[in-house]
Amino acid sequence: MALKDETRPSVQDSLKRVSDLLRKQEVVESLVRRQEGPRQELVESLVHKLHLVEAQKVLDSLHPADVAYVFEALPFAQRLMVWDLVKADREGEILLEVFDVVRETLIANMDERELVAAAEQLDTDEIADLAPDLPREVMQDVFRSLSPEEQEQLRAAMSYAEGTVGALMDFDMISVREDVTLEVVLRYLR
């Protein structure tokens, strides 16, 4: 396990890699704009795609909290460009991890269909965390997509005021046999 952690790049390295790719993209675009000719648009498009694919690989390899860190460090325009590289099945998890201000900018630049898809990837307690930032229509669509049991869980989670223990609840539950020791349960949970 330690070997795997040692070979993984740090989130700082990943941020630097994404920032470097975006900087290279800007340099190439400025150089290509100075060039006149039929190949200008083709070269610019190819280099742009190459840099974006590389940035996407970096983001795909990161935990959602690390991706959130990268987004929080990027300027607004670059953040929106890079957000388009995030796979749809990871958007909800990342929205939960970013600071409120960043979340608001990302949500403002997503259409209703994207927001519903992002929220549907989450557990009900996570949807409840994201709900205050989502448009009402999106929450109605998400609510309709849930099973009756999940709808009830979402109602319960949203009934508690923000910052209270009830608002932090998780609906995953385990049951423990009477003969199992606390030590065994803790080991299992870890």
Side-chain angles (χ1 to χ4, degrees), residues 1-18 56-73 82-83 85-104 106-107 110 112-190:
M1 174 94 169
L3 181 61
K4 182 179 178 186
D5 290 343
E6 292 171 10
T7 59
R8 246 182 54 205
S10 74
V11 69
Q12 291 289 339
D13 293 339
S14 298
L15 171 59
K16 184 177 180 337
R17 181 76 179 123
V18 170
Q56 185 175 30
K57 287 179 185 176
V58 172
L59 294 174
D60 288 348
S61 70
L62 296 175
H63 184 276
D66 294 338
V67 175
Y69 176 83
V70 170
F71 280 111
E72 291 163 357
V82 175
W83 180 246
L85 303 177
V86 173
K87 293 182 179 172
D89 63 336
R90 298 188 69 208
E91 288 178 339
E93 295 174 319
I94 295 166
L95 285 172
L96 286 171
E97 297 290 342
V98 294
F99 288 132
D100 293 345
V101 174
V102 175
R103 181 181 313 121
E104 289 170 8
L106 295 174
I107 287 174
M110 295 173 73
E112 191 173 317
R113 183 183 45 76
E114 288 175 303
L115 289 168
V116 170
E120 287 177 340
Q121 299 294 321
L122 302 173
D123 293 331
T124 52
D125 55 317
E126 295 170 327
I127 295 171
D129 291 342
L130 195 57
D133 298 320
L134 295 176
R136 183 181 199 95
E137 305 79 38
V138 170
M139 278 308 298
Q140 289 171 347
D141 290 346
V142 170
F143 191 77
R144 282 192 291 270
S145 73
L146 298 174
S147 70
E149 179 185 351
E150 292 170 323
Q151 288 177 1
E152 190 54 42
Q153 289 175 349
L154 182 57
R155 264 192 218 100
M158 292 178 65
S159 69
Y160 295 95
E162 189 174 339
T164 63
V165 173
L168 298 173
M169 81 171 100
D170 188 343
F171 294 101
D172 293 332
M173 184 173 57
I174 63 166
S175 53
V176 180
R177 293 188 326 261
E178 253 182 70
D179 62 326
V180 177
T181 66
L182 182 58
E183 179 183 350
V184 171
V185 172
L186 287 174
R187 213 172 338 144
Y188 170 76
L189 291 174
R190 285 186 183 127

Do we see a donor-acceptor contact under 3.5 Å between the side chains of Glu150 and Thr124? no
Any side-chain heavy-atom pair from Ile127 and Leu146 closer than 4.5 angstrom? yes
Atom pair CD1/CG of Ile107 and Leu130 - distance to nearest 0.5 Å: 5.0 Å
What do the steps show when you test Trp83 against Glu91 for side chain to side chain contact (heavy atoms under 4.5 Å, CB included), and what is the final call? CA-CA 9 Å; Trp83 180 246; Glu91 288 178 339; 3.7 Å; yes
For residues Ala119 and Leu134, report the shortest heavy-atom separation together with the two atoms involved. CB-CD1, 4.3 Å
With sequence neighbours excluded, tell me which residues meet side-chain contact (heavy atoms from CB on, under 4.5 Å) with Leu182. Leu186
dist Glu72:CD -> Leu15:CG (nearest 0.5 Å) comes out at 10.5 Å
Of all residues at least two apart in sequence or in a different chain, which pass the side-chain contact (heavy atoms from CB on, under 4.5 Å) check with Lys16? Asp20
Do Asp123 and Glu126 have side chains that get closer than 4.5 Å, going by heavy atoms? yes
Does the distance from a Lys or Arg side-chain N to an Asp or Glu carboxylate O, for Asp100 and Arg103, drop under 4.0 Å? yes
Closest approach of Glu112 to Asp141 (non-hydrogen atoms, all atoms of both residues): OE2-OD2, 2.9 Å
Nearest-0.5 Å distance that lies between atom OG in Ser14 and atom NZ in Lys57: 14.5 Å
Side-chain contact, heavy-atom cut-off 4.5 Å: Val67 with Arg90? yes
Side chains of Glu114 and Leu106: closer than 4.5 Å at any heavy-atom pair? no
Does the pair Arg177/Asp179 count as a salt bridge with the N-to-O cut at 4.0 Å? yes
Take Val86 and Phe71 through the test side chain to side chain contact (heavy atoms under 4.5 Å, CB included) and record every step on the way to the result. CA-CA 11 Å; Val86 173; Phe71 280 111; 3.6 Å; yes
Tell me whether the count of non-hydrogen atoms from other residues, nucleotides or ligands lying under 6.0 Å of CZ in Arg144 goes above 12. yes
Roughly how far, to the nearest 0.5 Å, is the CG atom of Leu95 from the CD atom of Glu104? 11.5 Å
Nearest-0.5 Å distance that lies between atom CZ in Arg17 and atom OG in Ser10: 13.5 Å
Can you tell me if Glu97 and Tyr69 form a side-chain donor-acceptor pair at under 3.5 Å? no
Decide yes or no on side chain to side chain contact (heavy atoms under 4.5 Å, CB included) for Leu59 and Gln56, but give the supporting numbers first. CA-CA 5 Å; Leu59 294 174; Gln56 185 175 30; 5.7 Å; no
Drop me the distance from Leu85's CG to Lys87's NZ, to the nearest 0.5 angstrom. 11.0 Å
Partner of Ser145 under side-chain hydrogen bond (donor to acceptor under 3.5 Å, both in side chains), chosen from Glu120, Gln140, Gln151: Glu120
Within the supplied structure, the quantity of interest is the number of heavy atoms (other residues, nucleotides, ligands) at a distance under 6.0 Å from Arg155 CZ; does it exceed 12? yes
Side chains of Val98 and Ile94 in contact at under 4.5 Å (non-hydrogen atoms): yes
Are the side chains of Pro135 and Leu115 in contact, using a 4.5 Å heavy-atom criterion? yes
Verdict with reasoning, Arg187 to Thr181, per side chain to side chain contact (heavy atoms under 4.5 Å, CB included): CA-CA 10 Å; Arg187 213 172 338 144; Thr181 66; 5.7 Å; no
